[in-house]
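Treat the numbers as computed from the prediction; the structure is a model and nothing was measured.
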Amino acid sequence: EWEISGEQKWMVDDTNPLEGSFSAHVRTEDISASGEYSQLDLDVTLGSSAFIQFYFYAPVAMPFESFDLRVDDQFLTGLSTEDETWNQAGALLSSGQHKISWRYSRNPGGAPDELLETMQPPPFRVGGAWLDNVSLLPSTPSFVETWESGDFTTNPWMLSGDGNWSITDSAQYEGANSATIAFSDIEAGTGISQLSIDIITEQGGVLKFQVLPSVSGPFDVSNVRIDDIIIATYSTPLEDWLAQEVSIQPGKRRVTFEFLKNPGEVPDDIISGLPNTPGREGQLWLDGIEFVATAPPS
């Protein structure tokens, strides 16, 4: 249930929605005086841990104003943007009752008004904040993915980039299928294809998977990322499946399996004349994925 505390200045309008027609919006000029604030509150009751995710656009600047996220009346992080793009943010919540708050304050440091009038604000400052697409995401239970469904719908996989992953029976670690991406699936001379999944946990966990890379530079390479940090790279062809295991830290983590075609952007007339690496098929297979969430302490 949504409520407003402090001054009742939050509004829903169509001035700058992220998606759809409306977003929540608050402005510095609507708050009556320095040191006052308007706070948008959301009360939730959770049976298990979850992640509150939202998008914000906040071209604000101290000392004129501030915008921040609070959970259970405790400051969590400041929120601001310096360009015209929306940012995503969020917080992990344990089970139980919580109050999630977005506080917008006018001159929270109490600088004299006559001083503020003489200060030149940064060029990006608008003096307002917008909030949109607030969602409560459940924690991720332990799961196994062996692609027996023949598609990517058993678990919340996300496909992106310049070529699509697919399900194949051409190679498998166990069962009948695996997920795969190939050099030829990316039509351009260079590009990237990604298969990702978000994992939300309060205690963390372990992700296991089997990978069969048949790649080699400069033609292609494959990486595994956690939150955009590369934690494994495959750049030589293998004959057998390789077992991998990575730790998933508490919070919301995005695990991404990516395939890069011609990552060095070698000109087509040059790369086409290079001899192929022995054993390379220009393809990657992925199978036997298992996530084991760490159980909370008893």
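Arg70 contributes atom CZ, which lies 13.5 Å from atom CG of Leu40 (distance to the nearest 0.5 angstrom). Atom CZ of Arg253 sits about 11.0 Å away from atom CD1 of Ile200, to the nearest 0.5 Å. From Ser101, atom OG reaches atom CG of Asp41 across 3.5 Å, with rounding to the nearest 0.5 Å.
For Gln8, the CD atom counts as densely surrounded, since its 6.0 Å shell holds more than 12 non-hydrogen atoms of other residues, nucleotides or ligands. For Glu82, the CD atom counts as loosely surrounded, since its 6.0 Å shell holds 12 or fewer non-hydrogen atoms of other residues, nucleotides or ligands.
The aromatic rings of Phe257 and Phe209 sit perpendicular, their planes meeting at an angle over 60°, well past the 30° parallel limit. The aromatic rings of Tyr104 and Phe67 sit tilted, their planes meeting at an angle between 30° and 60°. The aromatic rings of Phe143 and Phe291 sit tilted, their planes meeting at an angle between 30° and 60°.
Between Trp102 and Leu42 there is a side-chain heavy-atom pair separated by less than 4.5 Å. Between Leu136 and Leu46 the shortest side-chain heavy-atom distance falls below 4.5 Å.
Between Leu286 and Trp165 the shortest heavy-atom distance is CB-CZ3, 4.1 Å. Closest approach of Trp130 to Pro59, counting heavy atoms only: CZ3-CD, 4.1 Å. In terms of heavy atoms, Thr256 sits closest to Ser196 at OG1-OG, 2.8 Å. The two residues Leu131 and Trp10 have their closest heavy-atom pair at CB-CZ3, 4.3 Å.
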What donor-acceptor contacts under 3.5 angstrom involve side-chain atoms of residues 236-248, with partners at least two apart or in another chain?
unit_1, atom_1, unit_2, atom_2, d
Trp241, NE1, Gln172, O, 3.4
Gln244, OE1, Tyr234, OH, 2.9

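The pair Lys261-Asp220 does not count as a salt bridge, with every side-chain nitrogen at least 4.0 angstrom from each carboxylate oxygen.
In this structure Lys99 satisfies the salt bridge (Lys or Arg N to Asp or Glu O under 4.0 Å) test together with Asp73, sequence neighbours excluded.
Just one of Leu79, Val134, Asp132 meets the side chain to side chain contact (heavy atoms under 4.5 Å, CB included) condition when paired with Phe56; it is Leu79.
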| message | Could you go through Tyr55 and Glu19, starting from their C-alpha distance and side-chain angles, then the distance that decides it, and tell me whether this counts as side-chain contact (heavy atoms from CB on, under 4.5 Å)? | response | CA-CA 10 Å; Tyr55 290 81; Glu19 295 179 345; over 6 Å; no
